[in-house]
Amino acid sequence: MKRIIVIGVGAQGSTIAKRMNEHPGISEIICADYDFKAAKVLSDALAKATALKLDARDLDSVIAAAKGCDLIVNGLPLDYNLLLMEAALAVNASYFDMAGPMEDIGFVETYKMLFSEWHAKFKAKGRTALVGAGSSPGLANIMAREAVEKMDRCETISIYVYENVMTKRFTPFWWSPEIAFWDMAYKTFRYENGRIVTDKPFSRPITMKLRGINREVRMVDHEHDEPVTMGLLANTVLKGVKNVEFKYGGFGVKLSELLHKMGLLSDKPVDLNGTPVVPMDLILKLCPPAPKYPDELKSIINDGVVAEEGAFLVRVEGTKGKHSVRIDSYAVGPGLVEAFETSGLSHEAYLTGQCASVFVKMMVDDVFSDPGLFVPEQLGADAREYCFRNLAELGVTIDETLQQHTIYSRPRRKRAATRPVKTSTGRTDASPSAALFA
């Protein structure tokens, strides 16, 4: 039986705690948060849980709270990651989070440090740290790895996330607006021709058609973990991938791009009638927070849902034998209304929280217990299969489409009547015979 501590019991942290409460291998769950009310409301609803008020900025307090725990689950913003990892090492516990840290040394440099120094620290302790394991990053990474494994060589991985859920009550983001706006305003990363490239926010816009949306939508580059981790691991687990990109679109992106163009996502003070004002501070002060409790969500939904669109696509391109292959994998989960009706969560909290809960369950079940620090694309076939199977039980499925060149045989005798053959692009050719490579 294992004891775990969930630090930060917002939407994702509370979802993980609820799922672990159902797990027969868990004896106790400590629900820790600076907001004791949130921790108490959650723990009161769970048979195995106790509530704890915790200031996660204080390492000694975190160590004291986590003593005797087998796993620390981090549900806090990125700047707490390294401190909580330090606490995990101090109490000899494994560690889990849903997005990699953003340190002053830079995003790329931070991940290099995780893969070297922190990997060595956890390996020396015989403990496992799994970082960046929510929906994206997380599910997107194992979807990409699963597709890569079907190829001989990988050329490009593209991750497209489109979220356009709008309600009559102004709700710009369904997770922390602070994290959302800072991510939007930060420089973007992509892995291009074998090297990590940085660019300005909202760069390289494209329009594209995504399944389930009856029009082309606009997507832009966005600061995210996947191009960084996949680039650093290109030759070890992703068959030499040369290009990785993450693109994002939807209402929140449109709003953020307009604010950015006006300078309102800047952290540099401006003079306002003799008073220095940081534009981002003002935006965060005025922006409504993401709904946290079921009654808030219910009230927003009852006021009216204007649009409920979304798509989550991982596209992997490469070669098999002498031929080009493209695999499109869509993650499919409930929308806002369905997610709330089935779980009391928003669509965003449901997808990220349920993905995270499955990764945590995988660690609790020792399906993946290698010592060291890892990201999801490093998980082996058994661990990936475990995640896909458990997610399907929670209503999150993966639809995969293989698109490949059609190979036509050359006629060896006088042609008689021809028959139409559909190619992978939908073009109709006439040929007496055709064969798709396996």
Checklist line | Backbone of Lys48 reached by a side-chain donor or acceptor of Asn21 within 3.5 Å | finding: yes
Note to self: Testing the 3.5 Å rule here: is there a donor-acceptor pair between the side chains of Thr229 and Glu377?
What the structure shows: yes
Item checked: Whether His119 and Phe374 hold their rings parallel, tilted or perpendicular, with breakpoints at 30° and 60° -> perpendicular
Note to self: Checking the side chain of Lys2 only, and the main-chain atoms of Val364 only, is there a donor and an acceptor separated by less than 3.5 Å?
What the structure shows: yes
Next item on the list: Among residues two or more places apart or on two chains, list those pairs meeting salt bridge (Lys or Arg N to Asp or Glu O under 4.0 Å) that have a residue in residues 334-353.
Entry: none
Without placing hydrogens or testing angles, list every side-chain donor-acceptor pair under 3.5 Å for residues 232-240, not counting sequence neighbours.
from: Thr236; atom 1: OG1; to: Leu233; atom 2: O; distance (Å): 3.1
from: Lys239; atom 1: NZ; to: Met151; atom 2: O; distance (Å): 2.5

Next item on the list: Report the residue from Glu245, Arg315, Arg190 that forms a side-chain hydrogen bond (donor to acceptor under 3.5 Å, both in side chains) with Ser158.
Entry: Glu245
Next item on the list: Measure up the Phe170 and Phe251 rings against each other and bin them: parallel (under 30°), tilted (30 to 60°), perpendicular (over 60°).
Entry: perpendicular
Notebook entry, point to check: Does the Thr342 side chain pair with the main chain of Ala339, one donor and one acceptor, at a distance under 3.5 Å?
Noted result: yes
Note to self: Apply side chain to side chain donor-acceptor pair (under 3.5 Å) to residues His23 and Asp365 and explain how you reach the verdict.
What the structure shows: CA-CA 10 Å; His23 196 295; Asp365 286 342; 2.6 Å; yes
Margin query: Testing the basics here: between Ala32 and Ile5, what is the closest heavy-atom pair and its distance to 0.1 Å?
Written below: CB-CD1, 4.1 Å
Margin query: Just checking Arg195: does its CZ atom have more than 12 heavy atoms from other residues, nucleotides or ligands closer to it than 6.0 angstrom?
Written below: no
Next item on the list: Identify which one of Val9, Asp33, Ile30 satisfies the side chain to side chain contact (heavy atoms under 4.5 Å, CB included) criterion when paired with Leu52.
Entry: Ile30
Notebook entry, point to check: ring-ring contact (aromatic ring centres under 6.0 Å, His included): which pairs involve residues 71-94, sequence neighbours left out?
Noted result: none
Checklist line | Ring-face cation of Lys254 near Phe202 (centre distance under 6.0 Å, axis angle within 45°) | finding: no
Next item on the list: Kindly indicate whether a cation-pi arrangement holds for Lys53 with Tyr34, taking the cut-offs as under 6.0 Å to the six-membered ring centre and within 45° of the axis.
Entry: yes
Check: Under 4.5 Å between any side-chain heavy atoms of Lys361 and Met20, yes or no?
Finding: yes
Notebook entry, point to check: How far apart are the closest heavy atoms of Cys287 and Pro177, and which atoms are they?
Noted result: SG-CB, 3.8 Å
Checklist line | Gln378 and Arg145: side chain donor to acceptor below 3.5 Å | finding: no
Notebook entry, point to check: To the nearest 0.5 Å, what is the distance between CG (Asn141) and CD1 (Ile159)?
Noted result: 6.0 Å
Item checked: Lys/Arg cation over aromatic Phe122: Arg127, 6.0 Å, 45° cone -> no
Checklist line | Spatial distance of atom OH (Tyr248) from atom CE (Met219) [nearest 0.5 Å] | finding: 9.0 Å
Checklist line | Any residue meeting side-chain hydrogen bond (donor to acceptor under 3.5 Å, both in side chains) with Asp55, in chain and number order, not counting sequence neighbours | finding: Arg57
Item checked: Residue pairs, two or more places apart or on separate chains, that pass ring-ring contact (aromatic ring centres under 6.0 Å, His included) and touch residues 90-113 -> Phe107-Tyr111, Phe107-Phe189, Tyr111-Phe115
Margin query: Set out, in order, the CA-CA distance, both residues' side-chain angles and the distance that settles side chain to side chain contact (heavy atoms under 4.5 Å, CB included) for Phe340 and Leu345, then state yes or no.
Written below: CA-CA 5 Å; Phe340 178 75; Leu345 299 170; over 6 Å; no
Item checked: Nearest heavy atoms of Met1 and Asp70, plus distance in Å -> O-OD2, 4.3 Å
Next item on the list: Return yes if a side-chain donor-acceptor contact under 3.5 Å exists between Glu226 and Ser136, otherwise no.
Entry: yes
Note to self: Going by the rule salt bridge (Lys or Arg N to Asp or Glu O under 4.0 Å), which residues pair with Glu296 if we only count those two or more places apart in sequence or in a different chain?
What the structure shows: none
Note to self: Please check: side-chain N/O of Thr15 versus main-chain N/O of Ala11, any donor-acceptor pairing under 3.5 Å?
What the structure shows: yes
